[in-house]
Amino acid sequence: MEKFTTHVGTVAALPYVNIDTDQIIPKQFLKRVERTGFGQFLFYNWRLLENDQPDPEFPLNYERAKDATILVADENFGCGSSREHAAWALQDYGFKVVIAPSFGDIFYNNSFKNGLLPVRMPLEVVRNWEERFEEGTLQLRVNLEEQVIEDDQGGIHTFDIDEYWKNMLIHGLDEIGLTLQYSDHIAKYEQATQ
Amino acid sequence: MGKTIIEKVWERHKVYEEEGKPDLLYIDLHLIHEVTSPQAFEGLRLNNRKLRRPDLTYATMDHNIPTKDRETITDKIAKKQIDVLVENCNNFGVELAGLNSPNNGIVHIIGPELGLTQPGKTIVCGDSHTSTHGAFGALAFGIGTSEVEHVMATQTLWQDRPKTMEVVIDGRLENGVSAKDIILALIAKYGVNFGTGHVVEYRGEAIRGLTMEERMTICNMSIEGGARAGLISPDQVTFDYLRGREHVPDGDAYDVIVEEWKQLASDPDAKFDSTLVLDASEVKPMVTWGTNPGQGVTIDGAVPSPEDGTTDTERRAIEQSLEYMGLEPGTKMEDIKIQHVFLGSCTNARISDLREAARYIKGKKVDKSVRALVVPGSVKVKRQAEEEGLATIFIEAGFEWRDAGCSMCLGMNPDQVPAGERCASTSNRNFEGRQGKNARTHLMSPIMAAAAAVHGHFVDVRKLDAIPASS
Ligand code: SF4
């Protein structure tokens, strides 16, 4: 996994609540057996019109969202299906950070495992950034080590994050490799219980 | 102080704990299917890792398979996913309930059917409705593909201790009201994220009175309330259901294991981090009008308007949903016409669900404006329904009688609802595009869906005297 320490990038904001993983990546694209190449299908039904042309009204298609690497979303982002394809698609599309007031549990976990940083921010802050994005470009600096996000108007916002995951991301660790170091504990547990 | 079943199961599965880290939890049963496993197997291969416990892993194919001529899959990419699963199961030594197996079916239906699902187990699957297995007093939850790979390689997962929540449901259900209505009413009342970060135990007199299949319907939709998992303490109903099933010990060993299972129920003085209550006697048949499972009303109600929202978030959500669903505020639910009916999914495609729907359908006809589908949850359910004559009842009424699979629940196979059309569905998600691009899904119980099929619009089944009181 790639290391994550600090990221500076522009924002794309989606001001809709309860965006489920069915929207992030619709079911017809779950048939692939690879982990890559899902970015082209991100928000497929929302991003593209019937004729497969970009829908100019969809925020990700705004000119200022072209190079966005930070997605600001609303409450309960990533709820629903466990499909990790949602995290793969966001990442493949170019996102490094997703900020929302709250997340679906499974999506939140899936993101970490792929080096996509999910950040919980208070609703007022998120709504403010959504409005700023509606008006123009918004740039954020996300510092994972310090657990701080700075906006381009000098606003400073701290966030909470699980130490375990923070460590994984900062060092770009392979979780399975780490767990395999506990093989003795696992074997002992198996002997004792089976 | 006493312990909850959640704490008991957790304690028993802790392999390793350390301050500042999640607990390393042992997994007793790993269920896999074609859609969320290929990348995990590939990960094992790339890193030269073994599947630690093939004997604790069980595979089925359910999500993308056709329900007509299931042996000939014309969708090439879907076919590849199926072939890859077969190959992976062969290479890694995993038992697979393939298309020709009598054990095949939707992953959350066959686990209990085969007795793989048992009280006190930790069960995971790359599928969010894994909470279904919680009905047996198992700690069962959905995971992503990276976690699937982690379980394959280590038979464990690092998990933060969840918060515990009890949902107490007392009172008696009125005739025509079902377990599906309980869970839809609960989510409508408390919202789609009442359970975030929690494992929920459903308790109370109404829960005790439910059959195993009804309990599964409730636990199945825990994720729709945002919960990590939902479970029910096991009791005699649980033990009776499991007796004699393929993977359940028999003879003296059965008695021994039942004694162990009896220890699992939450202690009377156990404390939960939070509590919600619902009075079952006040639950009415529910129908969703919007694009998340919390956007439901009682059948005698009407489509809400954005002003009915109590928060800004809610008002926004209502507005978004009304637009997608093509509904006007104030429209009576009973006036909404439908074009499709889907009786199926891991929520409501067990034998009792089909019996319940057939009990109403018998001798009637599907309205000519409606296309109706029955998709049994497993091969076993299908056979049993055929033996009991339910299949004939459905076919004579004008339903299509299909093979087992997820089917129109998510429309990964050819079973889809066309754009702009409405479907009365017994599944669990009414998300935008779930059953087909721009398709409009309304969730409800099997008997409500059956009645909608006959009338061509939603109807209050309590008003239909054709419903004999359930046994
Ligand atoms: S029936 Fe639907 S919800 Fe259940 S496992 Fe299949 S796709 Fe998922």
Side-chain angles (χ1 to χ4, degrees), chain A residues 15-18 20-23 26-35 44-46 50 74-76 79-88 101-107 109-114 123 127 162-165 167 174-180 182-183 185-186 188-190 193, chain B residues 12 15-16 20-22 24 26 35-36 38-39 42-43 47 49 52 63-64 75 77-78 80-81 84 126-128 130 141-147 149-150 153-156 158 160 192-193 196-197 223-224 226 228 291-292 312-314 316-317 320 410-412 429 431-434 437-438:
Chain A
Y16 317 115
V17 294
N18 300 323
D20 54 76
T21 53
D22 276 64
Q23 307 317 315
K27 64 341 192 49
Q28 64 268 38
F29 308 115
L30 305 183
K31 295 174 192 166
R32 296 162 64 92
V33 295
E34 300 86 19
R35 248 176 222 263
Y44 191 84
N45 293 343
W46 286 354
E50 289 300 329
D74 218 287
E75 289 185 80
N76 206 21
C79 58
S81 159
S82 65
R83 57 188 74 169
E84 196 160 317
H85 313 66
W88 299 335
S102 57
F103 291 93
D105 280 343
I106 308 179
F107 173 81
N109 278 335
N110 287 343
S111 300
F112 282 119
K113 316 246 159 173
N114 292 281
L123 187 64
R127 292 274 160 94
D162 193 284
E163 274 302 312
Y164 176 79
W165 284 115
N167 193 39
D174 161 30
E175 196 193 13
I176 297 178
L178 280 186
T179 310
L180 286 171
Y182 293 82
S183 293
H185 291 277
I186 300 171
K188 218 182 276 166
Y189 177 90
E190 286 175 331
T193 54
Chain B
R12 287 175 198 196
V15 171
Y16 182 82
K21 263 191 174 175
L24 188 62
Y26 198 78
V35 177
T36 55
Q39 294 87 353
E42 183 63 12
N47 292 291
R49 287 174 179 149
R52 185 179 177 95
H63 279 68
N64 79 24
D75 177 341
I77 322 177
K80 180 165 179 206
Q81 214 169 40
V84 166
D127 189 283
S128 57
T130 308
F141 50 94
I143 55 178
T145 298
S146 293
E147 290 172 310
E149 187 180 336
H150 193 280
T154 69
Q155 204 58 35
T156 61
W158 294 98
D160 283 315
V192 288
N193 46 15
T196 303
I223 179 77
E224 261 56 71
R228 192 90 180 95
T291 57
N292 74 54
D312 189 30
T313 303
E314 233 183 290
R316 250 194 222 208
Q320 273 168 229
L410 91 166
M412 256 186 95
R429 285 191 175 136
F431 294 159
E432 285 188 24
R434 176 83 178 175
K437 194 171 179 184
N438 292 324

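Naming convention: chains lettered A, B, ... in sequence-line order (proteins, then strands); numbering from 1 in each chain. Every value quoted in this text rests on a predicted model; they were computed, and no experiment measured them.
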Checklist entry - Would you say the side-chain atoms of B:Arg434 and A:Ser81 include a donor-acceptor pair closer than 3.5 Å? => result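 There is no such pair (donor and acceptor under 3.5 Å, judged by atom type) between the side chains of B:Arg434 and A:Ser81.
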
[X] versus chain A, heavy atoms under 4.5 Å apart: side chain, backbone, both or neither?
{"X": "B:Asp75", "answer": "side chain"}
{"X": "B:Val192", "answer": "both"}
{"X": "B:Phe431", "answer": "both"}
{"X": "B:Thr156", "answer": "side chain"}
{"X": "B:Leu24", "answer": "side chain"}

Item to check | Main-chain N/O of B:Gly197 paired with A:Asp105 side-chain donor or acceptor, under 3.5 Å | outcome: yes

Checklist entry - So, does A:Gln23 use its side chain to make a donor-acceptor pair with the main chain of B:Glu432 at under 3.5 Å? => result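 Judged by distance alone, yes, a pair lies under 3.5 Å.
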
Next on the checklist: More than 12 heavy atoms of other residues, nucleotides or ligands under 6.0 Å from CD of A:Glu34: yes or no?
Outcome noted: yes

Checklist entry - Based on non-hydrogen pairs under 4.5 Å, which of B:Glu42, B:Gln155, B:Arg228, B:Glu314 is most in contact with chain A? => result B:Arg228

Checklist entry - With a 4.5 angstrom heavy-atom cut-off, which part of A:Asn167 approaches chain B: side chain, backbone, both or neither? => result neither

Next on the checklist: Any non-hydrogen side-chain atom of A:Glu175 less than 4.5 Å from a side-chain atom of B:Glu147?
Outcome noted: no

